[in-house]
Amino acid sequence: MNSIFALVDCNNFYASCEKLFRPDLKQKPVVVLSNNDGCVIARSKEAKILGIKMGVPIFQVRDDIIKHNVMCFSSNYALYADMSNRVMTILEEEAPRVEVYSIDEAFLDLTGVDHALDVLDFGRQVKARVDKHTGITVGIGIAPTKTLAKLANHAAKKYPATGSVVDLMDRARQRRLMALVDVGDVWGVGRRLTDKLKARGIKTALNLADADPKCIRREFSVVLERTVRELNGVSCMELEALAPTKKQILCSRSFGQRITDKFELRQAVAKYVARAGEKLRGEKRLARVIQVFIRTGVFNPNDPQYSNALSVELPYPTDDTRDLLEAADVLFSRIYRAGYRYAKAGVMLTDFFEQGAYQHDFFKNSPERSHSKALMEVLDRINHSGRGTVFFASQGITPQWLMKREHLSPAYTTRWSDLPIVY
DNA sequence: TCTGGGGTCCTAGGACCC
DNA sequence: TCTGGGGTCCTAGGACCC
């Protein structure tokens with residue numbers, strides 16, 4: 001049976017979340033900043049019109065921000081994740097199978113759904129329900145492949161006359177749209193590929209669709225070949241309703257200010273290890289390999305640069321933060337060099353095993369620490385309860401390097417004391 | 001002065017084995 | 001003089017995504 005995919009995408013998601021709880025900002029330009037308040041990572045419609053670009057460092061647009069009275073928010077992921085869940089819950093009520101593709105996007109599988117409505121009416125109904133129940137506006141693209149659904153969604157955003165819902169099931173319509181779309185706006189075609197494709201005269205999505213898939217595979221990759229086929233209506237990417245288990249867990253942060261002190265840097269690494277361990281247990285996995293990396297800033301050419309990473313295979317797969325801390329500490333002391341201004345550090349866990357699936361070495365007697373499971377459970381439970389935090393001494397008690405979040409909005413939906421009250 | 005974080009997949013090349 | 005071929009595994013790096 002031929003597939004039908006719908007891509008639902010929240011408009012200006014982070015900026016929209018912030019605006020929901022601030023009616024006074026309704027027609028005002030709003031931007032949301034990355035960690036450390038470094039870059040612009042989301043913009044409201046009004047901010048886009050002002051020409052504030054995605055990803056620009058905030059200091060480069062400071063004049064515009066002041067001149068046009070743009071409201072800035074530090075990113076508030078607790079709020080965005082909660083709003084995302086509300087949107088996804090509604091989508092799951094509307095469609096039999098849903099793939100949550102990112103915090104603000106989902107693919108719906110409409111294949112074989114018996115619609116009294118046609119797909120366009122169905123899309124409009126979904127959009128109206130999300131709007132009514134969450135206040136978030138979405139765009140919807142409907143097409144026979146994921147790549148075309150992305151394209152339809154692109155059109156839904158770009159052309160207001162569509163009412164933000166585009167039905168791209170028809171081949172002639174697909175070709176008309178593709179002729180208008182820059183090849184760089186195709187899903188899966190990034191900046192590098194755009195340059196290479198354009199150098200070969202492939203400038204629009206339609207040019208790419210009409211290219212020979214065999215040549216594309218030879219000169220580029222199987223990934224791009226798939227894209228070509230998808231643009232021609234041949235579905236090569238399934239809907240994945242179950243989130244695949246993770247293959248790596250990464251915890252890294254840039255610091256609010258440069259670190260020169262060895263013990264402070266060590267604390268930062270310990271903190272990321274603890275966080276990574278928490279995520280690992282959340283995934284119900286054990287990790288056998290841990291990597292630590294540290295680096296100086298990359299933007300100041302006058303600063304001496306240093307960057308290094310080291311990984312180790314642990315004696316047995318573990319999810320015990322104590323094991324991870326111990327290993328990380330050894331790695332850290334081997335790569336640490338004095339005399340640099342460090343800007344970032346991180347910890348990566350890989351080589352995962354299912355809990356209980358690992359066969360221990362017969363000749364070693366029970367290598368794990370005692371009460372590991374119970375201790376980690378208590379640790380996670382306390383830290384998730386919101387009533388306090390427990391942490392390892394190596395993480396430090398009053399870190400100076402915490403990231404900057406100077407424009408953080410309240411936790412409107414996840415903390416009772418921050419609940420907005422309407423009188 | 002100030003420039004995010006967290007992922008996936010694919011490929012090429014080297015080491016090693018028979 | 002002639003100097004194999006096929007396979008696996010691992011890693012680093014490149015590309016993409018949001």
Side-chain angles (χ1 to χ4, degrees), chain A residues 7-14 31-42 53-63 65 72-77 80-81 84 99-107 146-147 150 153-154 183-197 216-227 236-237 240 243-258 272 275-276 279-280 282-283 289 291 293 295-303 309-311 313 341 343-352 403-407:
Chain A
L7 176 66
V8 182
D9 178 309
C10 302
N11 295 349
N12 319 320
F13 185 55
Y14 296 171
V31 298
V32 176
L33 308 177
S34 64
N35 286 334
N36 286 313
D37 297 341
C39 299
V40 173
I41 57 167
K53 297 273 182 275
M54 179 72 176
V56 286
I58 190 74
F59 70 89
Q60 285 178 8
V61 289
R62 186 139 288 155
D63 291 350
I65 300 272
C72 298
F73 289 95
S74 302
S75 35
N76 184 346
Y77 287 102
Y80 311 149
S84 174
E99 174 183 343
V100 177
Y101 178 68
S102 74
I103 194 163
D104 69 339
E105 275 176 64
F107 286 101
K146 282 184 167 181
T147 306
K150 272 272 187 185
N153 188 277
H154 177 80
V183 72
D185 289 332
V186 173
W187 191 39
V189 180
R191 229 188 38 241
R192 298 299 183 90
L193 281 175
T194 303
D195 292 348
K196 282 206 231 167
L197 287 166
I216 292 292
R217 180 183 198 134
R218 191 165 2 97
E219 289 181 48
F220 296 90
S221 68
V222 295
V223 183
L224 194 60
E225 181 196 8
R226 253 189 324 249
T227 301
C236 305
M237 293 145 116
E240 289 170 38
T245 56
K246 283 198 185 0
K247 293 170 181 172
Q248 63 175 51
I249 287 173
L250 178 71
C251 273
S252 71
R253 288 281 182 289
S254 300
F255 309 127
Q257 56 203 60
R258 299 284 187 259
Y272 304 153
R275 182 78 192 98
K279 286 195 206 172
L280 183 66
E283 289 282 311
V289 171
Q291 182 186 71
F293 70 87
R295 71 164 165 81
T296 55
V298 288
F299 293 102
N300 189 346
N302 300 323
D303 261 7
L310 197 62
S311 62
E313 183 168 316
R341 300 175 65 235
K344 185 173 183 173
V347 171
M348 190 163 35
L349 303 177
T350 49
D351 201 4
F352 291 168
M403 65 180 183
K404 273 190 245 164
R405 296 176 90 183
E406 286 166 2
H407 311 281

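Convention: sequence-line order gives letters A, B, ...; per-chain numbering from 1.
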### Task
Check the distance between B:dG4's P and A:N35's CG and give it to me in whole angstrom.
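So the CG-P distance, A:N35 to B:dG4, works out to 9 Å.
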side-chain N/O [X] vs [N] OP1/OP2, d < 4.0 Å:
{"X": "A:K279", "N": "B:dG7", "result": "yes"}
{"X": "A:S252", "N": "B:dG6", "result": "yes"}
{"X": "A:K344", "N": "B:dT3", "result": "no"}
{"X": "A:R258", "N": "B:dT3", "result": "yes"}
{"X": "A:S254", "N": "B:dG5", "result": "yes"}

### Message
Do A:L197 and A:V189 have side chains that approach each other closer than 4.5 Å (heavy atoms only, starting at C-beta)?
### Response
yes
With the criterion being N/O to N/O and under 3.5 Å, what pairs connect the protein with nucleotides 8-11 of chain B, and how long is each?
unit_1: B:dT8; atom_1: OP1; unit_2: A:K247; atom_2: N; d: 3.1
unit_1: B:dC9; atom_1: OP2; unit_2: A:K247; atom_2: NZ; d: 3.1

### Task
With A:K146 as the cation and A:F107 as the aromatic partner, state whether NZ or CZ is under 6.0 Å from the six-membered ring centre and within 45° of the axis.
yes
### Task
Give A:V298 one of three labels, base, sugar-phosphate or nothing, depending on what nucleic acid heavy atoms sit under 4.0 Å from its own.
nothing
### Task
Check ring pair (Phe, Tyr, Trp, His ring centres under 6.0 Å) between A:Y14 and all other residues, then give those that pass, not counting sequence neighbours.
A:Y77, A:Y80
### Message
Show me, range against range, the stems involving DNA chain B, built from at least 3 consecutive Watson-Crick or G-U pairs below 3.5 Å.
### Response
B:5-18 with C:5-18
